[in-house]
Q: 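Submitted below is the structure of interest, expressed as structure tokens.
Proteins come first, then strands; the chains are lettered A, B, ... in the order of their sequence lines, and each starts at number 1.
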Amino acid sequence: MVRGTRLAGGIALATAASLLLAFAIAWHPEIEPTMPPSPSSFARKLVIEGEQLAKLGNCAGCHTAEPGRPLAGGRSLATPFGTIFAANITPDAETGIGTWSRAAFDRAMRRGIARNGKHLYPAFPYDHFTHASDGDVEALYAWLMTRPAIASRAPETRLDGVVAFRPLIAGWNLLFLGEGPLEPDPARSSDWNRGRALAEGLAHCGGCHTPRNRFGAEDRSRAYDGAMVEGWYAPPLNARSPAVRRWTADRLHLYLRTGLSPTHAAAAGPMGDVTRALAQARDEDVRAIAVYFASLMSQAPAARQDQHDAMDRQLVAQQAHPEAAVLFAGACAVCHEPGAPMMQQGRPPLAWGTPLQVDNAHDTVRIIMEGLASPAGPAGPAMPAFADILDDGQVGALAAYLRARFTDKPPWSDIGAAVAHARRGDGK
Amino acid sequence: MIALTVNGETHQVDVDPDTPLLYVLRNELALNGAKFGCGLGQCGACTVLLDGKPVYSCLVPVAALRTRKVRTLEGLASPDGTPGVLSIAFEAEQAAQCGYCIAGMIVRAQALLERNTRPTADEVRAHLAPNLCRCGTHMRILRAVHRAAEMMGGGVRAVAEREP
Amino acid sequence: MSRLGRRALLANGALVVAFALSRGALAQDTDQPELPGGLAKSPLLDSWISVGADGQITVFTGKVELGQGLKTALIQIAAHELAVAPSEVDIVTADTARTPDEGVTAGSQSLQDSGTAILNAAANVRVLLAETAAWRFALAVDQIEMRDGAAYAPDGRTIGYGELVSGASLHVAAKPDVPRREGGARVIGEDLARIDIPAKVSGGEAFLQDMRLPGMLHARVVRGPSDGTRLKQANIEAVATMPGVLQVIRNGRFTAIVADDEWRAVKALYRLQAAGWERIGEPLPAKRMREAIRGLPAQPVPIFHYPGPPAPPEAHTLTARYSRPCLMHGSIGPSCAVALWEDDSVTVWTHSQGVHPLRTALAELLGLALERVRCVHVEGAGCYGHNGADDVAADAALAARAVPGQPVRLQWMREQEHGWEPLGSTMTVEMSGSLGLDGRIVAWQHEVWSNTHSTRPTTAGGLLAGAEVEPPFVPPRPLPIRLPEGGAARNSTPIYDLPNARGTLHFVEEMPVRVSALRSLGAQMNVFAIESFMDELAQAAAIDPVAFRLAHLRDERAREVVQIAAERFGWSARGRGTGFAFARYKNLASYCAVAMDVRIDRETGEIHMPRVVAAVDCGEAVSPDGIRNQIEGGIVQSLSWTMRESVTFDTTHRTSFDWSAYPILRFPAMPGRVEVHVIDRPKQPFLGPGEAAQGPAAAALANAVAHALGIRLRDMPLSPERIRAALRPTPAAPRQAAG
Ligand code: FES
Ligand code: FES
């Protein structure tokens with residue numbers, strides 16, 4: 001996975017720079033194990049609060065294997081140096097975090113140090129969680145400790161080479177971990193401030209949408225400029241947003257809650273999981289996040305001009321890609337051509353989706369090949385996968401056709417690589 | 001004219017190149033197995049095997065096939081007309097109510113059992129998830145797939161009941 | 001007497017007997033018991049059974065195969081009574097030119113109506129043939145043995161049915177009191193393999209959708225996205241010149257495309273639809289449909305009243321309100337019809353549940369005399385009630401009129417089925433009940449709010465196209481279906497022994513959305529409410545729910561069904577998360593009890609169902625495996641309705657347009673096991689099993705969920721979102737549209 005690769009690579013590069021320093025600051029004491037607290041010792045209100053925060057952070061997204069039991073860990077993140085496995089964070093005393101005291105949990109969340117004193121890899125986004133408030137951490141702790149304890153030992157993470165040496169992370173932390181809550185901006189609304197605290201903190205949006213530097217840390221100077229993550233491109237969420245239609249707080253709110261924006265697109269890939277989790281978060285919190293990002297995108301082109309007319313250069317595209325035009329007519333048109341049932345229902349035209357607008361083909365290719373989640377859960381957007389229907393050349397041709405038909409942007413140059421990458425399917 | 005290979009035979013058909021395979025199978029080749037259920041890749045009634053993988057034939061433009069091989073329910077029977085193992089198992093279990101979904105179920109199950117005649121019960125359910133049945137014949141369909149796995153010399157492994 | 005003369009005389013004698021029989025039967029019409037089942041309306045034997053000169057037996061039924069195994073069951077009945085192997089019997093189902101008019105195939109009545117008719121007609125035919133044989137053998141009729149398609153004399157002489165029938169007219173009325181066949185090989189009660197299945201599992205021509213007539217054209221109808229909408233002015237010329245498009249038919253608002261190729265018709269359809277659409281008439285209520293219906297003017301109709309002393313002051317009174325959203329039939333195969341217009345007559349091959357009423361409606365729509373319209377039933381995908389089958393038949397007939405001499409096949413698209421099929425009405429039920437100190441119910445009240453549950457077409461105005469053509473036909477006014485069957489009130493009358501009980505139907509005439517009959521009509525909701533409420537009362541009385549039911553149940557067959565279901569489930573040793581429910585369908589048909597257990601993932605709100613156990617008594621069991629198949633299917637479908645389904649709307653239209661917007665249960669969510677125990681009641685009337693499980697399955701689920709959570713959910717669907725919301729005090733996520 002790209003993110004894993006960068007992380008591991010970044011850690012390796014950080015080695016030399018911070019080796020000595022690391023030793024000096026790397027040591028942390030073990031925090032004594034405690035008896036798992038009784039679930040009834042937590043106030044119900046606090047537990048519910050914690051659950052809603054957990055949905056904002058989509059804890060289960062990373063800490064649940066597939067297939068697997070919720071929060072029991074084991075989900076892998078492949079890197080060239082080895083595989084990072086998510087921990088079991090259920091309150092099982094043996095294999096989970098049952099013996100972690102509040103203080104131990106707090107230290108892990110906000111400083112990235114496990115109960116036994118070991119450093120956690122920053123694949124766990126404590127660089128964001130460090131902004132969480134005491135109350136938020138307390139609520140999350142209450143929620144986790146009231147989940148069913150599941151005995152399940154996540155495979156041990158063993159990275160190869162020098163990155164296996166965890167104390168090095170101390171140096172990384174020194175460089176990139178800005179501990180503590182964010183100062184509120186008094187010039188902004190309370191919604192905005194709440195939204196920023198959540199987005200920068202528990203929701204860790206930058207974890208995907210902000211590019212990382214050589215050390216695998218988020219590059220704050222390019223916050224929300226868009227980045228590759230797990231083979232998907234998380235688009236910019238700032239003035240560089242390539243959205244065609246304006247992202248208002250209302251539209252974002254609807255999108256984050258339902259995974260579908262009638263003026264933009266359906267959430268795909270990892271963002272699909274995020275929106276499914278956000279559907280269960282507290283509405284005001286999601287709203288606050290929407291307010292925050294709408295403000296970050298207020299200087300984006302679409303914010304200046306909301307383009308109502310969907311671009312459709314059908315003839316141009318057909319002349320450029322005649323074979324792909326046939327594929328589109330036979331495979332895609334029943335949903336995406338004007339007049340198709342989905343369009344009659346007010347679903348967004350392809351021209352309004354971000355994947356076709358950004359300057360790489362990754363998302364478009366992956367959506368074609370993998371589709372969106374099948375309609376097994378609640379009502380919501382769905383799209384079948386075409387990986388077994390179209391061959392690599394056909395997927396690529398189709399992607400090129402879509403770009404030519406629904407945007408006026410130059411053709412992509414990375415389609416072949418994106419298709420090969422998606423076909424390997426392991427995110428490497 | 002577009003050439004396509006279905007159940008081992010090559011056909012030339014005179015249709016628009018964007019015509020989905022489903023329409024070609026039904027209207028040009030007079031094959032009834034694959035059914036129109038949604039045309040949107042949501043129900044699996046039209047499932048066929050494309051180079052051994054189950055796909056929604058309603059979403060396969062016939063021009064996209066080139067040399068790839070299509071197998072339909074009809075193609076699972078042996079040349080002497082003996083029905084395929086799954087068809088026999090479905091009949092034996094009386095696994096149909098209206099039966100409109102059944103051809104798609106059989107074809108999708110075939111793809112699984114060709115790969116693995118010893119799937120777990122949960123694997124069978126997960127594998128069949130793309131296919132819808134409105135009559136509620138699911139329990140019988142599962143029994144029929146289990147029976148077919150046994151007839152093929154394997155069997156569906158019982159696993160501990162699913163836990164929430 | 002010469003041999004020849006003797007034979008002639010015998011033959012004549014048989015004819016005389018036959019004539020006499022018929023006259024006798026007719027003459028005695030008034031003082032004889034009424035003929036059973038469908039015979040009451042069509043008493044002539046040859047309307048039901050024909051025996052060819054080669055001995056080939058054909059059974060005719062006005063009912064239709066809907067995947068319920070009807071053909072096989074009727075063959076079994078006829079073969080049994082006629083003492084022939086089932087393989088010797090052919091069957092012809094509903095065809096206005098060939099079969100008796102048996103109205104609509106619905107309400108689990110096919111075996112009651114047609115099965116009973118064929119049983120008695122076959123017995124009549126057997127006796128007639130036996131009497132003819134007796135003449136021929138010059139023996140007393142009780143010396144004749146009928147088996148394997150022939151009459152046998154004790155001395156070994158034998159005559160086949162084919163030969164016998166040449167001497168006996170079957171054009172006579174049935175006698176009501178002909179005895180059933182005794183002894184001999186049993187066919188009824190055996191698990192006969194269904195005759196329709198081989199084609200369905202091998203790619204045979206099994207469905208109307210598979211019909212291919214020489215020179216057949218393909219048509220598509222063009223509409224807005226859902227009922228209550230219309231297409232904006234479309235660019236007809238651009239579409240008319242598309243390759244393969246032969247005709248764009250416009251008649252008022254009715255628009256259809258006829259093309260030489262199916263896919264080309266689809267492409268033209270989407271081109272026309274690109275014009276956009278608009279709502280006709282009033283906006284839909286913005287608030288949830290179930291509350292909107294509840295708020296409309298309603299006409300109160302008394303359902304039942306069991307007198308009794310008023311509840312004593314110390315009685316403990318409970319009230320509760322239950323509701324369900326609009327539900328969809330959601331046939332897996334969109335509705336389809338093939339029509340051929342020739343010589344000012346039209347033949348329509350249809351999967352309508354009622355070919356005769358459809359014929360009447362089509363004749364009016366097309367302005368044809370009745371005899372110029374023929375409707376032939378061919379099996380379609382399961383319909384579960386009044387779906388698009390009739391409407392598409394009208395669409396196809398209108399399309400065929402534009403291309404006389406050429407057969408036209410018209411199938412709806414998935415989104416047209418989802419958008420236009422009549423829905424099962426949303427319903428609300430308010431219950432109130434009082435418990436005496438002894439834990440017995442001392443007062444009971446049931447009030448139900450609903451639209452109609454049948455707008456099945458009997459006139460052109462009942463067809464979608466009827467309202468679209470110029471001049472339009474007026475849709476008939478909806479009326480409540482009379483009890484005891486009832487529509488919205490179906491199964492609202494409790495089978496329990498209750499004093500001081502009263503029921504009222506608040507019949508809402510105005511229909512903001514198109515609704516009609518959905519499998520079991522109001523029964524699913526009424527049983528859901530009654531059986532949930534019984535559990536609530538049992539809990540208040542601190543009595544086991546099954547014991548509580550038995551304490552209020554006198555009907556012996558009902559008691560046995562309840563006891564067997566409980567016993568097979570292991571109710572006495574039940575754990576947490578178990579539920580039970582029972583009903584007798586329509587209070588006059590099959591008895592069905594369902595017990596189940598659930599485990600709930602409190603995190604996701606998902607319900608897992610390790611095991612479902614049902615017991616069913618549908619009278620004499622013609623095919624036990626067929627009954628199990630129907631009950632299993634009914635349970636699974638009802639669980640899908642109850643757990644997952646809800647049609648959504650915004651102010652302009654129905655937004656549940658496909659399987660992603662209207663999800664139904666898929667394999668991973670299925671129960672671990674479903675067991676059905678059939679209680680056979682030989683010689684008792686046949687009672688259809690098709691709809692018996694819908695109510696009990698829904699209520700058993702609700703009761704199991706309540707038992708698991710300690711929280712009662714009264715509004716369907718019991719979706720993961722609702723369960724999560726119930727477990728957490730803050731409101732769940734708003735969806736884009738609500739049911
Ligand atoms: S018809 Fe192809 S998936 Fe439904
Ligand atoms: S058997 Fe009717 S849809 Fe499956």
Q: Closest heavy-atom contact between B/Q97 and C/K200?
A: O-NZ, 3.5 Å
Q: Name the option with the most non-hydrogen atom pairs under 4.5 Å to chain B; the candidates are C/A193, C/S638, C/P243.
A: C/A193
Q: Hey, which residues of residues 28-39 of chain B are touching chain C, say heavy atoms under 4.5 Å apart?
A: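 Checking residues 28-39 of chain B against chain C gives B/E28, B/A30, B/L31, B/N32, B/G33, B/K35, B/F36, B/G37, B/C38.
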Q: Apply salt bridge (Lys or Arg N to Asp or Glu O under 4.0 Å) to residues C/R194 and B/E93 and explain how you reach the verdict.
A: CA-CA 11 Å; C/R194 262 171 48 193; B/E93 292 290 345; over 6 Å; no
Q: What part of B/I88 is in contact with chain C, defined as an atom under 4.5 angstrom from a non-hydrogen atom: side chain, backbone, both or neither?
A: neither
Q: Suppose a student defines contact as a heavy atom less than 4.5 Å from any heavy atom of chain C. Which residues in residues 58-78 of chain B would they list?
A: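 Within residues 58-78 of chain B, the residues under 4.5 Å from chain C are B/L73, B/E74.
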Q: Examine distances only and state if a side-chain atom of C/R666 and a backbone atom of B/P130 form a donor-acceptor pair shorter than 3.5 Å.
A: yes
Q: Which pair of non-hydrogen atoms, one from B/A126 and one from C/P668, has the smallest distance, and what is that distance?
A: CA-CG, 4.4 Å
Q: Ignoring hydrogens, what is the shortest heavy-atom contact between C/S640 and B/R134? Give both atom names and the distance.
A: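 Looks like OG-NH1, 4.0 Å.
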Q: Non-hydrogen atoms of chain C under 4.5 Å away: do they reach the side chain of B/L40, the backbone, both or neither?
A: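 Looking at B/L40, just its side chain touches chain C.
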Q: Might you work through the side-chain contact (heavy atoms from CB on, under 4.5 Å) test for C/Y384 and B/C135, ending with a clear yes or no?
A: CA-CA 8 Å; C/Y384 330 104; B/C135 296; 2.9 Å; yes
Q: Quick one: which of B/Q94, B/R140, B/H127 has the most heavy-atom pairs under 4.5 Å with chain C, could you say?
A: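 Between B/Q94, B/R140, B/H127, the count favours B/R140.
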Q: Would B/H138 and C/E632 count as a side-chain contact (heavy atoms from CB on, under 4.5 Å) if you check the C-alpha gap in whole Å, the side-chain angles of each, and the deciding distance to 0.1 Å?
A: CA-CA 9 Å; B/H138 303 73; C/E632 277 173 28; over 6 Å; no
Q: Heavy atoms only, distances under 4.5 angstrom: which of B/C43, B/A96, B/A144 has the most pairs with chain C? Name it, please.
A: B/A96
Q: Using a cut-off of under 4.5 Å for heavy-atom pairs, which of B/V124, B/L86, B/T19 has the most such pairs with chain C?
A: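 Among B/V124, B/L86, B/T19, the one with the most close pairs to chain C is B/T19.
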Q: Is the B/Y23 ring parallel, tilted or perpendicular to the C/W263 ring (thresholds 30°, 60°)?
A: tilted
Q: Any side-chain to backbone donor/acceptor pair from C/R673 onto B/M139? Under 3.5 Å, distance only.
A: no
Q: Please determine, among C/C336, C/G333, C/C383, the option with the most heavy-atom pairs under 4.5 Å with chain B.
A: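 The option with the most such pairs is C/G333.
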Q: Side chain of B/S87, backbone of C/V201: donor and acceptor closer than 3.5 Å?
A: yes
Q: Heavy-atom pairs under 4.5 Å with chain C: which of B/D16, B/L142, B/I102, B/L22 has the most?
A: B/D16
